[in-house]
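Take a look at the structure below.
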Amino acid sequence: MHLYVHIPFCRQACHYCDFHFSTNTKNKRAIVEAIAREIVIRRNYLPSKELETIYFGGGTPSLLDEEELSFLMDTIHTHFQVNTDAEITLEANPDDLSREKLIQFYKAGINRLSIGIQSFHEPHLKHLNRIHDSYEARNCVKLAQEVGITNISIDLIYAIPAPDHTILQSDIQKAFELDVAHISAYCLTIEPQTAFGSWLKKKKIKPIDEEFAAQQFEILMDGLALNGYEQYEISNFARNGKYSRHNSSYWKQHHYLGVGPSAHSYNGMSREYNVSNNTQYLAAIEQDKIPSTIEILSPADQVNEYLLTGLRTKWGCEISTLNTLSDNQFELQNRAEISMMAQKGWLFIDNGTILLTQAGKLFADRVASDLFLD
Ligand code: SF4
């Protein structure tokens with residue numbers, strides 16, 4: 001099984017981000033204690049106690065101090081069996097990653113870092129309201145490699161408004177120079193509950209230019225492929241098979257427990273969503289209650305989720321699984337649609353599995369939703 005731990009704090013709010021976090025860190029210690037308590041309360045959520053992956057996400061888990069991280073890791077080790085080859089990832093921001101902090105992470109058992117670099121271009125970092133600069137972005141990767149954390153992923157954002165593609169090309173080049181195992185590249189989106197969302201409403205900024213974004217996505221796919229990165233999921237690229245095992249488990253519909261404010265859990269039958277509010281989370285856990293809502297998944301929900309996540313990956317969606325989940329309705333209802341999309345050159349079937357073509361990757365969500373069951 002897999003464990004996700006949400007650390008809901010950030011130093012400052014990035015202008016594009018709608019994840020759950022607070023910039024007020026005065027409750028950090030109390031939240032860490034509550035998360036540890038939740039781990040204990042929910043240790044039997046899944047039948048297995050064996051952890052293949054642990055993922056500290058956020059927010060900004062690199063804000064955890066040595067004591068807080070050790071406390072969480074000790075709690076996890078006490079209540080679960082962590083496999084000796086478990087992937088243990090921590091999301092980090094470059095400004096937190098001093099040599100001393102990286103040594104603490106390494107000693108605590110973190111063996112993979114996912115670093116939010118986003119861009120190496122100073123004006124773009126300012127535009128996004130990132131707290132770090134380009135030097136910190138490059139230096140932290142080198143420091144991590146020096147202390148022994150070599151399984152490193154970096155995040156990049158594309159489609160940031162620019163006169164042409166030279167900034168993105170330079171960002172890609174700088175990423176290659178860091179020699180990281182994994183790159184996640186996300187298209188800038190403007191979400192309503194963010195600074196960008198509010199500025200868009202007031203017409204202070206323009207919407208994302210979709211044609212520019214599609215061009216940038218193609219530049220990324222081509223450039224990363226040329227440099228040995230395999231696109232194993234639409235936004236994720238790895239060298240030498242260094243896939244994110246944790247995120248791959250989501251895309252393959254494996255079961256996981258998520259703890260912390262706003263974390264999700266999945267047990268095959270239902271999804272459970274923790275409240276996205278630190279105060280309410282604390283109050284509930286103090287009474288040994290899990291502040292979550294549960295959604296029971298219908299067969300159609302399970303088919304649609306598998307399509308939405310599976311089609312984005314190199315593993316695609318097995319037709320036999322889709323048929324089993326839907327009492328054979330999937331193929332019955334979608335035969336004509338599948339053949340039409342194959343003719344358009346968006347997908348193909350290989351050995352009973354639906355896979356997207358390179359062109360289809362530009363329309364992944366649309367292909368999935370056109371195959372949804374009601
Ligand atoms: S992008 Fe990361 S660092 Fe920025 S506000 Fe969101 S969670 Fe925090």
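Ligands are counted one by one from 1 in listed order, and the atoms in each one are counted from 1 as well.
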Check your understanding: Does Cys17 put an N, O or S atom under 2.8 Å from atom 6 (Fe) of ligand 1?
Key ->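 Yes, since at least one N, O or S atom of Cys17 sits under 2.8 Å from atom 6 (Fe) of ligand 1.
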Check your understanding: side-chain hydrogen bond (donor to acceptor under 3.5 Å, both in side chains) with Tyr243: which of Glu87, Glu233, Glu230, His182?
Key ->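 Only match with Tyr243 under side-chain hydrogen bond (donor to acceptor under 3.5 Å, both in side chains): Glu230.
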Which atoms of ligand 1 are found less than 4.0 Å from any heavy atom of [X]?
| X | value |
| --- | --- |
| Gly59 | 7 (S) |
| Tyr16 | 1 (S) |
| Thr60 | 3 (S), 8 (Fe) |
| Cys10 | 3 (S), 5 (S), 7 (S), 8 (Fe) |
| Asn93 | 3 (S) |
| Phe21 | 5 (S) |

Review point. Which atom pair, heavy atoms only, marks the closest approach of Pro291 to Tyr281?
Key: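 The pair with the smallest heavy-atom distance is CG-CD1, 3.8 Å.
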Check your understanding: Under a heavy-atom criterion of less than 4.0 Å, does Gly116 contact ligand 1?
Key ->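 It does not; every heavy atom stays at 4.0 Å or beyond.
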Review point. So is Arg130 in contact with ligand 1, going by heavy-atom distances below 4.0 Å?
Key: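 Yes, Arg130 has a heavy atom closer than 4.0 Å to ligand 1.
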Check your understanding: Do the rings of His15 and Trp199 sit parallel, tilted or perpendicular, given the 30° and 60° boundaries?
Key ->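 Perpendicular.
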Review point. Which class fits the ring pair His246 and Tyr4: parallel under 30°, tilted 30 to 60°, perpendicular over 60°?
Key: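 If you compare the ring of His246 with that of Tyr4, the planes turn out tilted.
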**Study point:** From CD1 (Ile157) to OG (Ser235), nearest 0.5 Å
**Key:**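 These two atoms lie 11.0 Å from each other.
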Practice item. I would like to know whether Gln118 and Asp171 meet side-chain contact (heavy atoms from CB on, under 4.5 Å); could you show each step before the answer? Key: CA-CA 9 Å; Gln118 321 308 356; Asp171 274 354; over 6 Å; no
Check your understanding: How close does the nearest protein non-hydrogen atom get to atom 4 (Fe) of ligand 1, and which residue and atom is it?
Key ->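 Of the protein heavy atoms, Cys14 SG, 2.3 Å lies nearest.
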Check your understanding: With no hydrogens and no angle check, do the side chains of Ser298 and Asp301 hold a donor and an acceptor under 3.5 Å apart?
Key ->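 Yes, side-chain donor-acceptor contact under 3.5 Å.
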